[in-house]
Structure formats: structure tokens, C-alpha cells
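Chain naming here is simple, since letters A, B, ... match the order of the sequence lines and numbering starts at 1 in each.
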Number of protein chains: 2
Amino acid sequence: MGHNSKDERRKILEQELSQHPFFTDDELAARFKVSVSTIRLDRGALGIPELRERTKAVAQEAYSTLKSLDDQELIGELRELVIGERACSELMINESMVLAKARVARGHYLFAQANSLAVALVDSPMALTGSVELKFIRPVQLGELVVAVGKVIKRKKNKYWVQVSVRVGTEEVLRGDWVLFAINR
Amino acid sequence: MGHNSKDERRKILEQELSQHPFFTDDELAARFKVSVSTIRLDRGALGIPELRERTKAVAQEAYSTLKSLDDQELIGELRELVIGERACSELMINESMVLAKARVARGHYLFAQANSLAVALVDSPMALTGSVELKFIRPVQLGELVVAVGKVIKRKKNKYWVQVSVRVGTEEVLRGDWVLFAINR
DNA sequence: TTATAATTGTGACCAGGTCACAAGTTCGTG
DNA sequence: CACGAACTTGTGACCTGGTCACAATTATAA
């Protein structure tokens, strides 16, 4: 066989499976015009488990992350919370939060962190965002740790004014003013 | 057997499996102190497929939503786009987007839809949000179809002013003004 | 041409099922 | 108490998508 046909095939196989893990060995054999045995040897050499194991892995991974997203009323991790006064949360910017091209956090993740922090500050089982003014001061890069600090600056009955400042280190990257309403049905 | 022991078991079985789909029939049999055959009958009656099918379903669902989230530079489905002019997208509010208590859409989903629409309008491989002013006019309920319409109202070099109006039916639920910057590295 | 590497085929076995059917158990009611 | 209906259990044949070990075949490079 070609000096590199095997290694090349294995490289492609590895890529394909990492991108699209739901192929049987039969399908792979057809796709690579090679016997099933060869595919099995290749998988073995590459340490890639069988279809069912791959499926299971995807399912379990996804299952656990879905679960945790479900609980996530608050985006980021809460560090401090004095309801009606001040709060602070942290968010690590990971792969799933950045624009593919730019490795820069999508605006709505930062908004989500700040907004959920503002909501948490309201002394009520439920709060709705009324209006917001915000400035994105500089883009946030992949891997940066973002810290949001929120303060209630005014309150009139069920209406709250909250200021949120989002920082990376000491540098402010986002600042916003929220007006929220407490609903206490 | 008890007058309701079967129906009760099936009810619990259904719940258990919907919450935690990775049990084999053997494990379920042990758990319910009943034979494997009975579990199979129960599953059959409830229309619940075997472990592998369940795993596959979870994996594929998760895989496709992960994929689409990955591609999802844009939140919602694009209906119209004339870059640099106007655009329109739709978003169906589902379970995962609402606050557990109130069945009302979390603010950051609406923001995400509007923000990603605004970003899409900018004629550039990449755009960053500069500042935003927005008003949440009324909360959006679970199951409502949200339509966002964006217009570029002004442009100066790489700086864009975009207005986004988000509606449910004819009713405006969110309105905002964005200032964005095109990055053309 | 021949040694070596790569590929292919074969047969036995496994988990976690499906399906059809027979046999055993429990229960309420006459 | 007996009996029929509902429920439960067991059995055997078969399926998919593999594993593993080993033998046979087919390139390919020297």
C-alpha cells in the first residue's frame, strides 16, 4: 500500500469521528473503501471506542451539561449577594461563548451575566427587567475571567435601579444601568 | 398483585426514565423488585425504547443542539437579511428559555436575539457591540413566537446605529438602540 | 523475487436487547 | 372454596454492532 495511505486514512478517520461520531464500522468501511476489519484495526490503533461507547459518551456529557444549564437562573458563579444591596459574580469565558472567528465573547453572554445578577438583587421571588442602558467598553477575550459587580442605587416601591459594572482584572469592560420591577404575586 | 401496583410502577418507571435515561432493563428490574420480562412489558406498554435507543436519542439531540449553538452566531431563525439595511428573525420561546417560577422568558434570551440580529446587520466579517439602550415593554410568555426586526438607521465609517424592535404578534415587547463597530482585520 | 507491512476474512463470543409464546402467580368475586 | 381474568415470569430464537484471536491474502519496497 502507499507509503502513507494508512496513516493518512487514520488521520482522516480520527477527524471524521471527532466531528461526527455516529458512524458504524460498516459505514466507515464503505466510506473509506476498505474492509470492516481494517476500520477496526484503525480504531484500535487510534484508541477510538465502538459506536455505542461513543454515543454513550456524547449522551452523558451532554446530559450533565444540560442539567446544569437548566438550573442556571444565574449566569456565572455567585460570589456575594446581599439582596437589595449589592452582589458579585464571576464568569470564565470559554470556547462556547466566543465568536468562532474572533475568539471574543459574544455580547449576550456578558449581558446575561450582568442581567441575571441585576435580577438576583431584587428582593422578590420574581423580577422583570424594565429598561437597560449599557456600554461595551472593550471586547473580552477567550479565557478571561469576568467579574460583575451590581449595586442597587435606588428603590421606589417595586421599582429598582441597579448599576452593574463588569471587569476583567481592574479594567472595566462593560457598564450598565438597569431598571427592574419586582413581581410578588 | 395490588389493585394499582402495576399502574403505579409504570408511572414511576416513566418518571425515572425521563429523568435518568441510562438504566438497563436489568438494573430497572432490580430497582423495582420485578423480573426483566415485566420491565420489558412495561416499557413496551409505555412506548419507551431500549437503553441504546434512549442513549442515541439523548446523544443526537444534544449533538445537534450543541452544533447549532456552535453555529449559532445568531439566536433565533433568520427570516430576512439585507446587510447594512434591515433584517428580521424569529424565536420560539421554549422551556429552556423561561424562568422556572414564572414561565416568562429570561431577559437575556430576548437580548441575545436582538443583539445577534444587530451584529448580523453590520457589513463586516466581525462586529462588536458598543452600546445599547433598551426597554423591555412587557414580559414574554412560554410558547410565544417572538419576531425581531432590525434596521440600520445611520452609518459613519465603521460605526453603525441599529434600531431593533421585538414583537409578539403586533405587540411590541422590546425596543432597543444599538451602536456597533465593524472590525475588518 | 522475496521479506515485510498492510489488509481481509473467519469463527467464537458478548451485551442488551426484540418477539412470540407458554407457564405460573395473585386476586376479586360468585 | 373455586375459578377465570389480569398480571408476572421464563424460555428460546434472533438481531445489531461490536470484541478478540488467528489465518490467509495482497501490496510494496528493496
Side-chain angles (χ1 to χ4, degrees), chain A residues 1-70, chain B residues 1-70:
Chain A
M1 283 289 132
H3 24 294
N4 53 3
S5 92
K6 185 185 68 172
D7 295 345
E8 207 162 325
R9 187 186 59 238
R10 290 193 176 171
K11 228 169 81 187
I12 302 176
L13 180 70
E14 190 159 33
Q15 278 184 353
E16 288 273 290
L17 278 183
S18 77
Q19 282 175 7
H20 195 313
F22 304 131
F23 283 122
T24 63
D25 287 353
D26 270 20
E27 287 166 345
L28 291 167
R31 183 167 270 246
F32 286 90
K33 309 228 171 223
V34 99
S35 77
V36 180
S37 304
T38 304
I39 293 293
R40 315 253 231 235
L41 274 180
D42 287 353
R43 272 201 301 102
L46 294 167
I48 300 174
E50 64 173 280
L51 167 64
R52 283 153 175 169
E53 294 304 314
R54 297 193 303 269
T55 310
K56 205 201 291 177
V58 172
Q60 289 181 331
E61 231 253 292
Y63 197 75
S64 59
T65 67
L66 274 187
K67 275 241 144 168
S68 70
L69 257 176
D70 218 40
Chain B
M1 282 289 135
H3 23 294
N4 53 1
S5 93
K6 185 186 66 170
D7 294 345
E8 207 161 325
R9 187 187 60 239
R10 292 193 174 171
K11 227 169 80 187
I12 301 176
L13 180 69
E14 190 158 33
Q15 277 184 353
E16 289 273 291
L17 279 182
S18 78
Q19 282 175 6
H20 196 314
F22 305 130
F23 284 122
T24 63
D25 288 352
D26 269 22
E27 286 167 344
L28 290 167
R31 184 166 270 247
F32 287 91
K33 309 229 173 224
V34 99
S35 78
V36 180
S37 304
T38 304
I39 293 294
R40 315 254 231 233
L41 275 180
D42 287 354
R43 270 201 303 100
L46 294 167
I48 299 173
E50 64 172 280
L51 166 65
R52 285 154 173 168
E53 295 303 316
R54 297 194 303 268
T55 309
K56 205 201 292 178
V58 171
Q60 289 182 330
E61 231 253 293
Y63 197 75
S64 62
T65 65
L66 275 186
K67 270 245 145 168
S68 71
L69 258 176
D70 218 41

Checklist entry - Can you tell if the side chain of Lys56(B) reaches within under 4.5 Å of the side chain of Glu53(B), non-hydrogen atoms only? => result yes
Next on the checklist: At 4.0 Å (heavy atoms only), tell me whether Asp26(A) reaches a base, stays on the sugar-phosphate, or touches nothing.
Outcome noted: nothing
Item to check | Interatomic distance, Phe22(B) CZ vs dG17(C) C1' [rounded to whole Å] | outcome: 17 Å
Checklist outcome for this item: To the nearest angstrom, the CZ-C1' distance between Arg40(A) and dC20(D) comes to 11 Å
Checklist entry - Taking atom P of dC7(D) as reference, at what distance in whole Å does atom CD of Glu8(B) sit? => result 14 Å
Checklist entry - Which nucleotide, dT18(C), dT7(C), dG18(D), lies nearest any side-chain atom of Thr38(A)? => result dT7(C)
Next on the checklist: Taking any heavy-atom pair under 4.0 Å as a contact, classify Thr24(B): base, sugar-phosphate, or nothing.
Outcome noted: sugar-phosphate
Checklist entry - dT9(D), dA6(C), dG9(C): which one has an atom nearest the side-chain heavy atoms of Ser37(B)? => result dT9(D)
Item to check | Rounded distance in Å - CG (Asp7(B)) to P (dA6(D)) | outcome: 13 Å
Item to check | Pairwise distance CD(Glu50(B)) to CZ(Arg40(B)) - rounded to 0.5 angstrom | outcome: 9.0 Å
Checklist outcome for this item: From NZ of Lys33(A) across to P of dA27(D) the rounded distance in Å is 16 Å
Item to check | Listed nucleotide nearest any side-chain atom of Arg43(A), set dC7(D), dG17(C), dT19(D) | outcome: dT19(D)
Next on the checklist: I need the CG-C1' distance between Asp42(A) and dT8(C), as an integer number of Å.
Outcome noted: 12 Å
Checklist entry - Rounded to the nearest Å, what distance is computed from the CG atom of residue Asp25(A) to the C1' atom of nucleotide dT8(C)? => result 14 Å
Next on the checklist: Is any side-chain heavy atom of Arg10(A) closer than 4.5 Å to one of Lys6(A)?
Outcome noted: yes
Checklist entry - Does the side chain of Val34(B) come within less than 4.5 Å of Ile39(B)'s, by heavy atoms? => result yes
Item to check | Plane angle bin for Phe22(B) and His20(B) - parallel if under 30°, tilted between 30 and 60°, otherwise perpendicular | outcome: perpendicular
Checklist outcome for this item: Winner on side-chain proximity to Val34(A), out of dT8(D), dT7(C), dG18(D), is dT7(C)
Item to check | Side chain of Leu41(A) (C-beta onward), nearest among dT19(D), dT8(C), dG17(C) | outcome: dT8(C)
Item to check | Flag, side chain of Arg54(A) to backbone of Phe23(A), donor-acceptor distance under 3.5 Å | outcome: yes
Next on the checklist: Can you measure Ile39(A) atom CD1 to dA6(C) atom C1' for me and round it to whole angstrom units?
Outcome noted: 13 Å
Item to check | DNA chain C contacts among residues 45-58 of chain B, heavy-atom distance under 4.0 Å | outcome: Glu50(B), Leu51(B), Arg52(B)
Checklist entry - Just checking Arg10(A): base, sugar-phosphate only, or nothing, at a heavy-atom cut-off of under 4.0 Å? => result nothing
Checklist entry - Under a 4.5 Å cut-off applied to non-hydrogen side-chain atoms, are Asp42(B) and Leu28(B) in contact? => result no
